[in-house]
Amino acid sequence: MLPYRHTQTGKLLIGLVAIPIAILLSVSVFLEVTTVTLALLGVMAAVLLLFSTLTVEVGREAILLWFGPGLIRVRFPLSEVRAVRL
């Protein structure tokens, strides 16, 4: 049965970040695009890419957690798990 893998999508985060991105892009069509606007769009796009999903995988030796494409990862050896609650 191992490994177990589940990916959860952060719908609230996607909504909270994608809507302002769409608004900024729409407004920037009519107004002058500044460096601050581009930097803000870049930061919001990076947050959306990095944190839009969370994947949990339980293998034979460890529990792995990672956000988005996997740049931010955490590994917990199963030997260190003290309790499990359902």
Side-chain angles (χ1 to χ4, degrees):
M1 191 115 189
L2 293 173
Y4 165 82
R5 178 185 260 188
H6 178 74
T7 300
Q8 179 176 336
T9 303
K11 295 173 185 163
L12 180 61
L13 175 75
I14 291 170
L16 289 174
V17 175
I19 291 171
I21 287 174
I23 291 170
L24 270 175
L25 287 173
S26 299
V27 169
S28 67
V29 170
F30 300 107
L31 301 175
E32 181 180 340
V33 177
T34 64
T35 306
V36 173
T37 305
L38 290 175
L40 189 56
L41 281 170
V43 167
M44 289 192 312
V47 166
L48 190 60
L49 175 70
L50 291 175
F51 298 105
S52 61
T53 62
L54 170 65
T55 302
V56 177
E57 183 177 279
V58 180
R60 294 194 182 276
E61 297 180 5
I63 299 170
L64 300 169
L65 307 170
W66 67 87
F67 288 101
L71 294 175
I72 300 171
R73 291 181 168 261
V74 178
R75 182 180 187 274
F76 299 100
L78 285 180
S79 61
E80 293 182 13
V81 176
R82 294 183 185 163
V84 176
R85 189 179 342 164
L86 298 175

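Values below: every heavy atom of this structure, side chains too, minus hydrogens, waters and symmetry copies. Note that the coordinates shown come from a computational prediction; the quantities given were computed from them, not determined experimentally.
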Test of understanding: clusters of I, L, V, M, F, W, Y form through side-chain heavy atoms closer than 4.5 Å, transitively. Do Val47 and Ile23 belong to the same one?
no
Taking side chain as C-beta onward, heavy atoms only, is Thr55 less than 4.5 Å from Leu65?
no
Going from OG1 on Thr53 to NZ on Lys11, what distance comes out if it is rounded to the nearest 0.5 angstrom?
12.5 Å
Atom CG of Leu25 and atom OG1 of Thr37: how far apart are they, to the nearest 0.5 Å?
10.0 Å
I'd like to check Pro77 versus Glu61 (side-chain heavy atoms, cut-off strictly below 4.5 Å). Are they in contact?
no
Phe51/Val17 under side-chain contact (heavy atoms from CB on, under 4.5 Å): CA gap, chis, key distance, verdict:
CA-CA 11 Å; Phe51 298 105; Val17 175; over 6 Å; no
Can you name the residues that form a salt bridge (Lys or Arg N to Asp or Glu O under 4.0 Å) with Glu57, not counting sequence neighbours?
Arg5
Treating Ile, Leu, Val, Met, Phe, Trp and Tyr as nodes and any side-chain heavy-atom pair under 4.5 angstrom as an edge, say whether Ile19 and Val27 lie in one connected cluster.
yes
Which pair of heavy atoms, one from Leu64 and one from Arg75, lies closest together, and at what distance?
CD2-CG, 3.4 Å
Between CG on residue Leu54 and OG1 on residue Thr7, distance to nearest 0.5 Å:
8.0 Å
Rounded to the nearest 0.5 Å, what separates atom CG in Leu49 from atom CG in Leu71?
7.5 Å
Which pair of heavy atoms, one from Pro20 and one from Gly15, lies closest together, and at what distance?
CD-O, 4.0 Å
Specify the closest pair of heavy atoms between Ile63 and Val81, including all atoms of both residues, with the distance to one decimal.
CD1-CG2, 3.9 Å
When you compare the side chain of Leu24 with that of Leu40, does any pair of heavy atoms fall below 4.5 Å?
yes
Should Phe67 and Leu50 count as side-chain neighbours, where that means a heavy-atom distance under 4.5 Å?
no
Could you tell me whether the side chain of Ile14 reaches within less than 4.5 Å of the side chain of Thr9, counting heavy atoms only?
yes
Once rounded to the nearest 0.5 Å, what's the spacing between atom CG of Leu38 and atom OG of Ser28?
8.0 Å
Treat each ILVMFWY residue as a node, draw an edge where side-chain heavy atoms are under 4.5 Å apart, and state whether Leu78 and Val84 are in one component.
yes
In terms of hydrophobic clusters joined by side-chain contacts under 4.5 Å, are Leu13 and Ile21 together?
yes
